[in-house]
Structures are given as structure tokens and as C-alpha cells.
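The structure appears right after this line, and notes come after that.
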Amino acid sequence: MPEPIFDVIVVGTGIGGSSLAALSARAGLKTLVLEKNPRIGGACSYYEKDGFHVDFGTHLCTRGGKGAVGEVLRRVGGTSRVEFVQPRKLCRITGLGLDVPLYTSFRTLFKTMFRLNHQLGVTLREFPDVLRLTHDFFWMPDSEIEKWNDRTVEEFIFKYSRNPGLLSHINVMMALYFVYPYWKSSAGEAIWCTKRMMESRAVSYPKGGTVIVPRVMLDAAKDSGATLLTRARVRKIRVEKGAVRGVELADGRKFRGGAVVSTSSLKDTVFNLAGARYFPADFRERVKGLQESHNAIQIKLALNRRVIQEGSLIILGSPHGDFRPKTATIPRVHKVYEDLLSGRIPELVPLYLVVPTNFDPRLAPPGKQFVTMCTGVPVTTAKLEDPPEAWEKAMMKTLREAVPGIERHILWKEVVGAQAIESWTGKPGGPAISTAQVPGQVAGERPGIRSPIPGLYFAGDGAGGRGIGTELAAQSALECAEILDSDFRHGLIP
Ligand SMILES: Cc1cc2nc3c(=O)[nH]c(=O)nc-3n(C[C@H](O)[C@H](O)[C@H](O)COP(=O)(O)OP(=O)(O)OC[C@H]3O[C@@H](n4cnc5c(N)ncnc54)[C@H](O)[C@@H]3O)c2cc1C
């Protein structure tokens with residue numbers, strides 16, 4: 001049988017792969033999309049249980065339809081099919097002396113900032129500096145932001161304040177943004193993301209579950225002639241005479257392609273799928289040294305009635321200690337993340353909890369509520385010092401303290417650990433973000449879309465792009481589509 005021939009072969013159907021497939025098919029390129037899983041969506045995928053729709057990992061889109069995700073949807077004609085929902089009571093920060101509702105309205109911003117900082121232990125004397133900090137975090141000019149790309153969030157905060165309560169809050173927020181410690185994350189990237197988020201004011205959840213976004217993109221790709229295959233694991237990216245020739249699947253099928261775009265991590269693509277020997281030594285070393293973000297342990301809870309009113313909660317708990325943001329010290333704040341990196345349950349257990357059914361009640365049987373909560377854990381290559389059961393116990397204790405009586409309403413509970421994420425996304429270690437957003441790995445210094453092998457490209461959260469999670473992956477796909485277009489036009493791809 002002759003091998004089917006395509007212009008572009010896309011590996012993966014997460015936000016990165018599905019966006020790219022839609023953009024490339026709409027540009028008239030003969031596109032094949034390959035997904036190893038039975039269902040599309042990558043980190044935005046889902047499963048169903050007892051009438052509940054369960055998002056696999058991702059929930060909130062930080063810029064709704066107004067950022068890169070929105071831009072891809074616009075370009076491929078999918079805007080009207082995705083409704084981003086934003087409840088008035090978007091979030092509440094609660095636990096360890098904090099109780100701060102976060103509303104979507106801009107008018108409450110100052111009041112919220114005052115209340116939060118007061119509860120964190122920021123004194124009136126410190127307040128003007130914290131106001132300047134907030135202002136710069138939200139509204140710094142882009143030319144200034146660039147100067148912070150190679151410095152850490154901690155260096156940026158220290159310019160204004162060393163208040164440990166404030167730092168412990170920043171610690172939690174940066175874990176939500178980048179799944180990485182704030183003293184290692186890029187300040188430029190954090191400010192860029194916060195500024196865009198404030199401009200968009202569109203943090204939201206897509207009606208129908210996060211999978212709706214890649215689904216609409218893949219539908220657009222198929223409408224433009226693309227072929228989508230699921231249960232199609234790429235075993236090998238074929239390189240012949242120094243250029244990419246196509247892919248071989250685990251079941252032996254072979255496809256030819258002028259360009260292959262991998263949305264697995266760079267480490268997986270270079271060392272497992274293509275083969276290290278095809279890459280120059282300095283590139284191999286760079287990829288080997290790339291830092292990935294951490295992973296998450298999630299608990300999914302089906303409840304017999306509506307128990308939580310907000311769209312999401314940020315819960316602080318100290319199940320094994322007496323951590324209080326107000327009385328913390330900087331070394332204690334650091335230790336929280338250091339423990340986490342060693343797989344030890346830290347003194348402060350922050351939970352990020354989302355209630356998808358408060359955005360879209362159709363995701364559960366009538367009257368029921370679905371809740372998912374997570375906390376950070378190291379990637380699977382590091383061993384958890386405390387066993388998964390201990391993490392589950394600590395998380396449940398933290399939840400019970402924040403939402404008393406919730407346990408009486410649990411119909412079922414499921415734990416999704418780091419290994420499950422790793423095996424679903426295919427990215428070794430299972431990082432939430434496969435190239436962490438640290439100095440040296442953001443903006444101009446982020447690994448590029450073009451690989452050193454002609455015809456091989458990287459997209460998704462590992463290369464190019466800027467933004468939080470899904471935004472990062474969608475922005476990377478937009479950049480990749482432009483590069484492919486240019487390389488085809490200039491005859492760089494056969
Ligand atoms: C638990 C969790 C929670 C998160 N929460 C949020 C959130 O709330 N908001 C947010 O914006 N971001 C969140 N993120 C981050 C965000 O989901 C990711 O950064 C983004 O979705 C990554 O998209 P991607 O296309 O790069 O990769 P992925 O979504 O990981 O997709 C990669 C795809 O490639 C496929 N694949 C890999 N190898 C092969 C192969 N050999 N052959 C065929 N297919 C292959 C995989 O099966 C997968 O479908 C979260 C991530 C995780 C893990």
C-alpha cells in the first residue's frame with residue numbers, strides 16, 4: 001500500500017494540536033491529526049461517570065474568548081460555538097484567617113485588594129508600596145515588562161515589599177499560573193499574564209466543559225478537509241537524509257508528511273519520538289536542561305446537592321501545622337514549596353477548587369454538584385515522600401475545614417494522580433506546563449517552534465507562546481501556523 005501523503009501531520013489534540021490543525025487545514029494544507037488516546041483534548045479532555053461530566057485536568061480559561069484561544073476560534077469560524085461563562089461570584093479565597101470574595105466586576109477591585117492585604121497582615125504603613133506593586137503588576141508598559149523576563153517574581157516583589165503574608169499569597173497565585181515556585185518563575189511572564197488577564201477580564205469556563213474548545217477546533221479542521229485519527233500513537237517521527245519524512249504509528253501504519261508538528265514535550269519529541277542523534281549536540285543539551293513545571297494531584301467529588309456557591313475557591317489549610325499567612329516568615333513560605341518538591345505534605349496546603357456545575361449545571365444530573373480540587377505535587381520522576389493516601393487525607397481535611405459538612409453530600413470521590421496525567425498527556429513526568437515559565441525559558445528565550453531538523457516543528461505549551469496554560473498553547477499554535485505558512489511559501493517544506 002502506498003503511504004498516505006499529507007502536507008502537515010500534527011501529533012496531539014490538546015489545545016495546541018487542535019488549534020494548529022484547524023489553522024493549517026483552513027490555510028489549505030492537507031492536514032492529518034493523530035491522537036494516541038481514544039478521546040481528543042489532551043489536558044482539556046474529559047470522561048463521564050454516573051451522569052457527571054468530569055474534566056480531566058484543565059478548567060478555567062484565563063482570558064475566555066479574548067486572548068489567543070479566542071483568536072484561534074475567530075480565525076477558524078468557531079466563536080459562536082463556544083460560550084465562555086463567568087459567574088458574578090467567580091472565586092473566594094478562604095482559610096487560615098482569610099475570607100475574600102473575588103467578583104468579576106472591576107468596581108470592587110480596590111475594596112478586594114484592601115480586604116485581602118489587610119487579612120494577609122499588610123500594615124497601613126506598608127500599604128502605599130503594596131498599591132504600587134499592584135499597579136505595576138496589572139498595568140506595567142510592555143517595554144518595561146521585557147526587562148523583567150530574566151528576573152524572578154520574588155525579585156520583583158522585593159522591590160516593593162517583604163511582607164511574608166503577601167509573599168505566601170503570591171506563592172499560591174504563581175502556583176496557579178505556572179505550577180512553579182514564585183522565586184523561580186519569570187517576573188516578566190507573570191506581569192505579562194496578569195496585565196492581559198486584567199485587560200480581558202474574562203476568566204471563565206466554557207459551557208459544555210473545557211473539551212468543547214479542542215472539539216470545535218477539530219470540527220473546523222475536519223470541515224476544511226483534515227483527517228483526525230484517535231487511538232493513533234506515534235511511535236516514531238521518521239527522519240531521512242536529515243529531514244522529516246513522516247511518522248510511524250505504534251500499530252505499524254506509516255504516513256508521509258512534509259511537516260510534522262509535535263505537541264508532546266520537547267524532551268519526548270527529541271529523545272523518544274525523533275531520536276537524539278538527529279539533533280546537534282548543543283540543541284540536545286538545551287532540551288535536556290529544560291525545566292518543566294510541577295504536576296498536580298486532583299480529587300473529583302460528585303455531590304448530591306449544591307454545596308458551594310462560588311465558581312471556584314482558593315482554600316488555604318495547614319492540616320499538619322499552624323501556618324498562618326499573617327505570622328509566616330519568608331523561609332517558611334519557601335519551605336512550603338520545597339516540601340512540595342520533595343513530595344512531602346507542606347505546612348501550608350493550598351487547594352484550587354473549581355465547581356464546573358456552577359458555570360454549566362448541565363454537566364451533572366439535575367440538582368447535583370460537581371467539584372474538582374487539586375494541589376501541586378512533583379513530576380512523576382520524583383518520588384512522593386508522603387504516600388498518595390496521606391496527600392488525599394490532607395486535602396480532604398483542608399476542604400472539610402473550609403466547607404464544613406461537605407462530606408455528608410459526597411456521592412463518590414475519585415483521585416487523579418500525577419501518573420494518570422502523565423499517561424494521558426504523554427509528556428514524561430506529566431508536568432502541567434512542559435517548558436516551565438522561568439527566566440531563560442520565556443519570551444525570546446523560549447524554545448522556538450522550528451526545530452533544527454527541516455520539517456520538524458514544536459507547538460503547544462513546550463515551545464513558543466506566552467500566557468497561562470491553554471493561552472500559552474493556543475498562542476504557540478498561532479505562531480506555528482504563521483511559520484508553517486512562511487516555510488511552505490518559501491519552499492522550505494517539500
Ligand atoms: C491537571 C492540570 C490542570 C490544568 N489546569 C489548567 C487550567 O485550569 N487552566 C489553564 O489555562 N491551563 C491549565 N493547565 C495547563 C494546560 O492544560 C496546558 O498547558 C495546555 O492545555 C497544554 O496543551 P497542549 O496542546 O500543549 O498539550 P496537551 O493538552 O497535553 O496535549 C498533548 C496531546 O498530545 C497527545 N500525544 C502525546 N504524545 C503522543 C504520541 N506519541 N502520539 C499521539 N498523540 C500523542 C496526548 O495524548 C495529548 O492529547 C492544566 C494542566 C494540567 C495537567
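Keep in mind it's a predicted model, so treat the numbers as computed, not measured. Just so you know, residue 1 is the first one in the sequence shown, and it goes up from there. In each ligand, atom 1 is the first atom listed, and ligand 1 is the first ligand listed.
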### Message
Less than 4.0 angstrom from a charged side-chain N to a carboxylate O is my criterion; do Asp142 and Arg196 meet it?
### Response
yes
### Task
Using distance alone, determine whether Ala296 and ligand 1 share an N or O pair under 3.5 Å.
no
#### Entry: From the candidates Thr230, Thr470, Val69, the one that places a heavy atom nearest atom 11 (O) of ligand 1
Thr470
### Query
Do Asp461 and Lys427 pass the salt bridge (Lys or Arg N to Asp or Glu O under 4.0 Å) test, and can you show the C-alpha distance, the side-chain angles, and the key distance before you say yes or no?
CA-CA 11 Å; Asp461 66 11; Lys427 296 170 178 168; 3.1 Å; yes
### Task
Verify, without hydrogens or angle tests, whether Trp148 (side chain) and Ile191 (backbone) share a donor-acceptor contact under 3.5 angstrom.
no
### Polar proximity ligand 1 side, Cys44 side, N/O cut 3.5 Å exclusive
no
### Query
Ile468 heavy atoms, cut-off 4.0 Å: which ligand 1 atoms fall inside?
11 (O)
### Query
Any N or O of Leu273 that comes nearer than 3.5 Å to an N or O of ligand 1?
no
### Message
Using a 4.0 Å cut-off to any heavy atom of Leu34, which atoms of ligand 1 qualify?
### Response
43 (C), 44 (N)
### Query
Side chains of Thr58 and Thr210: is there a donor and an acceptor less than 3.5 Å apart?
no
### Query
Short list, please: which atoms of ligand 1 are under 4.0 Å from a heavy atom of Gly42?
29 (O), 31 (O), 48 (C), 49 (O)
### Query
Ala232 near ligand 1, heavy-atom distance under 4.0 Å?
yes
### Task
Could you tell me whether Thr62 and ligand 1 have an N or O pair separated by under 3.5 Å?
no
### Query
Can you tell if the side chain of Thr470 reaches within under 4.5 Å of the side chain of Leu472, non-hydrogen atoms only?
no
### Query
Does the side chain of Leu478 reach to within under 4.5 Å of the side chain of Gln475, using non-hydrogen atoms?
yes
### Task
Give a yes/no verdict on a cation-pi contact between Arg450 and Tyr457, requiring under 6.0 Å between NZ or CZ and the six-membered ring centre and an angle within 45° of the axis.
no
### Task
Kindly compute the distance separating CZ (Arg39) from CZ (Arg215), expressed to the nearest 0.5 Å.
10.0 Å
### Query
Does any N or O atom in Arg233 lie less than 3.5 angstrom from one in ligand 1, N or O only?
no
### Query
Can you tell me how far CG of Asp485 sits from CD1 of Ile493, rounded to the nearest 0.5 angstrom?
9.5 Å
### Query
Can you check whether Gln298 has an N/O within less than 3.5 Å of an N/O in ligand 1?
no
### Query
Does any N or O atom in Asp268 lie less than 3.5 angstrom from one in ligand 1, N or O only?
no
### Message
I'd like to know whether ligand 1 has Trp424 as a neighbour, heavy-atom separation below 4.0 Å.
### Response
yes
### Query
Are Ile297 and Val415 close enough that some pair of their side-chain heavy atoms sits under 4.5 Å apart?
yes
## Note on the structure
One finds that the ligand 1 atoms under 4.0 Å from a non-hydrogen atom of Val11 are 39 (C), 40 (C), 42 (N), 43 (C), 44 (N), 45 (C)
### Query
Based purely on interatomic distance, does Glu471 place a nitrogen or oxygen under 3.5 Å from a nitrogen or oxygen of ligand 1?
no
### Query
What is the minimum heavy-atom distance between Lys300 and His59, and which atoms define it?
NZ-CE1, 4.3 Å
### Summary
A student checking ligand 1 against Gly12 at a 4.0 Å heavy-atom cut-off should list atoms 33 (C), 34 (O), 35 (C)
### Query
What atoms of ligand 1 come within less than 4.0 Å of a heavy atom belonging to Leu60?
7 (C), 8 (O), 9 (N), 10 (C), 11 (O)
### Message
When you compare the side chain of Pro447 with that of Phe458, does any pair of heavy atoms fall below 4.5 Å?
### Response
no
### Query
Does ligand 1 have any atom that is closer than 4.0 Å to a heavy atom of Ile433?
yes
### Query
What's the shortest distance from atom 36 (N) of ligand 1 to any protein heavy atom, and which residue and atom give it?
Thr425 O, 4.0 Å
### Numbered atoms and elements of ligand 1 in range of Ile15, under 4.0 angstrom, heavy atoms
25 (O)
### Task
Provide, to 0.1 Å, the distance between atom 20 (C) of ligand 1 and the closest protein heavy atom, together with that atom's residue and name.
Asp461 OD2, 4.0 Å
### Message
Which residue and atom name correspond to the protein heavy atom nearest atom 29 (O) of ligand 1, and how close is it?
### Response
Ala43 N, 2.8 Å
### Message
Test side chain to side chain contact (heavy atoms under 4.5 Å, CB included) on Lys207 and Arg362; report intermediate values, then the result.
### Response
CA-CA 9 Å; Lys207 222 175 192 172; Arg362 291 171 313 166; 3.7 Å; yes
### Summary
In this structure, atom 27 (O) of ligand 1 is nearest to the protein heavy atom Lys427 NZ, 2.8 Å
### Query
Does Asn37 come within less than 4.0 Å of ligand 1, judged by its heavy atoms?
yes
#### Entry: Min side-chain heavy-atom separation Trp412-Leu301 under 4.5 Å
no
